[in-house]
Number of protein chains: 2
Amino acid sequence: MATAELKKQRGRPSNFDHDEALEKALHVFWKRGYEGASMTELTKVLGINRPSIYAAFGNKEELFRKALEKYLKGPVAYAAEAMQQPTARLSMEMFLTKSAAALSSPGTPRGCLMVQGALSCGPGAKLIQQELASQRRYHEEIIRKRLEQAKTLAELPQDLNSAALAKYISAVQQGMSVQATSGASEAELLSIAELALRNWPEKRPSS
Amino acid sequence: MATAELKKQRGRPSNFDHDEALEKALHVFWKRGYEGASMTELTKVLGINRPSIYAAFGNKEELFRKALEKYLKGPVAYAAEAMQQPTARLSMEMFLTKSAAALSSPGTPRGCLMVQGALSCGPGAKLIQQELASQRRYHEEIIRKRLEQAKTLAELPQDLNSAALAKYISAVQQGMSVQATSGASEAELLSIAELALRNWPEKRPSS
DNA sequence: GCATTTTATTACCTTACGGTATAATAATCA
DNA sequence: TGATTATTATACCGTAAGGTAATAAAATGC
């Protein structure tokens, strides 16, 4: 896989970089939401004509899904990485701290695509809405699993409700997303994160 | 003001109740968001013809603003009421507890209009987006003031950062809104609220 | 009764939406 | 050079968006 396939392509060469275009599309969807992003704006930002976009990415929905994929693998990759910290406590700290930075990063739109991409919408965006909800659930789930793991390792008390705690952490992060959308600074988001973790459950001796 | 003005009106009488119609419009906006709610759907749900809606409420934006007003005075009135509890702690508890109930109430759309009404949007909804952000800030502000009040009454420590704590409480409630939108039950929302308040700042003797 | 006022109804306007047919262009293959 | 292939560019499609003109209908005032 390291040796690039250099077989010359047959037809007229593409004028744009596929990945760059997807990155730009991601930024538009991120800022506007799925419904709020029009194909006209997308063509202007990507600098690609409409038929070329459709040829390269399918339709608006597929373009969004591919942009979302890029989003999950890029700006949101820290979430899964955070779960690999040596303790659950550190994992949660890193998750919320990196969230604060990502949600207010100067080079990207504010907030979280999974939250503001299609929180409520018309009938035509229902599938996207479901996809985003599913992704939010997935991230809540990896948090829950990290907490469960900490329970088996006796880092956290056995009677801890890890599902509830994971929901709480997720909710805080999603609330931070809303705050970021309306302009909260990284420092403000960080102080939310800090307050959210003050009540970390102490380990009590099991039985 | 108690004696109803019964002066007969001159023209053809209205076929619909103004306030009922506004309530229905509120539910559509609440479920769909500002952009996701089409005038066509609104006419169908309200059971009123298009020109009658425009005559009664102005245009789509004004209709939304009036529906939002009704929302703030109705389903969200608990927020301001909660701030009148005898202690700040009780105020915050009541705020989040009532939020859990309101955000998952069976008779209304799930989630919060202030959050999902226009979190991200196209250029045409920018003013509504700003209005909703402003309302969220307002609610954060009444929380902050309640905390400040508790500081002057020595219920809370003098060095407490009430702005940060208010932001945290707001973020939790907004996160609960997101969770509610994707189907969280009242019990699940309540457990988020409970976890959020575990870390309530203890009073330390001042100076 | 008749004029007046207000609403309801029908039909329509302009604009923007997502999506495409068609043809021109630029490369490789033979 | 010519045939082939894939991507550009222009122009357009049908539909739905928000909003309105024009007219019919139902009440009051005289």
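These values consider heavy atoms only, across backbone and side chains, with no hydrogens, waters or symmetry-generated copies. Residue numbering restarts at 1 for every chain, and letters A, B, ... go by the order of the sequence lines.
Annotation: side chain to side chain donor-acceptor pair (under 3.5 Å) contacts of A/S170 (sequence neighbours excluded): none. Under the rule for a side chain to side chain donor-acceptor pair (under 3.5 Å), B/D17 has no partner lying at least two apart in sequence or in another chain.
Residue B/H18 contributes atom NE2, which lies 16 Å from atom P of C/dT6 at whole-angstrom precision. Computed from coordinates, the B/L42 CG to D/dA16 P distance equals 17 Å when rounded to whole Å. Here D/dT7 presents its P atom at 14 Å from CG of A/D17, a figure rounded to the nearest Å. In this structure, B/I48 atom CD1 and C/dT10 atom C1' are separated by 17 Å, rounded to whole Å. D/dA9 atom P lies 12 Å from atom CD1 of A/I53, rounded to whole Å. Nucleotide D/dG19 holds its C1' atom 16 Å from the CZ atom of B/F57, rounded to whole Å. In this structure, the NZ atom of A/K44 is 13 Å from the C1' atom of C/dC17, given to the nearest Å.
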Enumerate all atom pairs, one protein N or O and one N or O from nucleotides 24-27 of chain D, separated by less than 3.5 Å.
unit_1, atom_1, unit_2, atom_2, d
D/dA25, N3, B/R12, NH1, 3.4
D/dA27, N3, B/R10, O, 3.1

Listing time: all N or O pairs from protein to nucleotides 19-22 of chain C that are below 3.5 Å?
unit_1, atom_1, unit_2, atom_2, d
C/dG19, OP2, A/Y54, OH, 3.0
C/dG19, OP2, A/K60, N, 3.1
C/dG19, O5', A/Y54, OH, 3.4
C/dG19, N7, A/R50, NE, 2.8
C/dG19, N7, A/R50, NH2, 3.4
C/dG19, O6, A/R50, NE, 3.1

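Phosphate contact (OP1/OP2 of C/dT7, side-chain N/O of B/S14, threshold under 4.0 Å): absent. Applying the 4.0 Å criterion to OP1 and OP2 of D/dA17, one finds that B/T40 has a side-chain N or O inside that range.
Between the NZ atom in B/K31 and the CG atom in B/L26 there is a gap of 13.5 Å [rounded to 0.5 Å].
The residue B/N49 sits close to a base: some heavy atom pair falls under 4.0 Å. Contact annotation for B/S52: base contact, defined as any heavy-atom pair under 4.0 Å involving a base atom.
What you find for B/F57 and B/L63 is that their closest heavy atoms are CG-CD1, 3.7 Å.
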Validation: residues 91-105 of chain A side-chain donor-acceptor distances under 3.5 Å, sequence neighbours left out:
unit_1, atom_1, unit_2, atom_2, d
A/S91, OG, A/A82, O, 2.8
A/S91, OG, A/T87, O, 3.3
A/S91, OG, A/R146, NE, 3.2
A/E93, OE2, A/R89, NE, 2.8
A/E93, OE2, A/R89, NH2, 3.1
A/T97, OG1, A/E93, O, 2.6
A/S99, OG, A/Y78, OH, 3.0
A/S99, OG, A/F95, O, 2.8
A/S99, OG, A/Q173, NE2, 3.2
A/S104, OG, A/A100, O, 2.8

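Using the six-membered ring where Trp is involved, A/F16 and A/H18 have ring planes that are parallel, under 30° apart on the 30 and 60° scheme.
Two residues are said to be in side-chain contact when any heavy atoms from C-beta on lie closer than 4.5 Å; B/Q129 and B/Y34 fail this criterion. In this structure, A/D19 and A/K70 have side chains that are in contact, with non-hydrogen atoms separated by less than 4.5 Å.
If you check the side chains of A/R137 and B/S182, you find no donor sitting under 3.5 Å from an acceptor. A/R50 and A/T40 are linked by a side-chain donor-acceptor pair at a separation below 3.5 angstrom, with hydrogens and angles left out of the test. Donor-acceptor pairing under 3.5 Å is lacking for the side chains of B/Q174 and A/Q174.
Note on the helix from C/dG1-D/dC30 to C/dT22-D/dA9: angle between the axes of the first and last five pairs equals 20°, rounded to 10 degrees.
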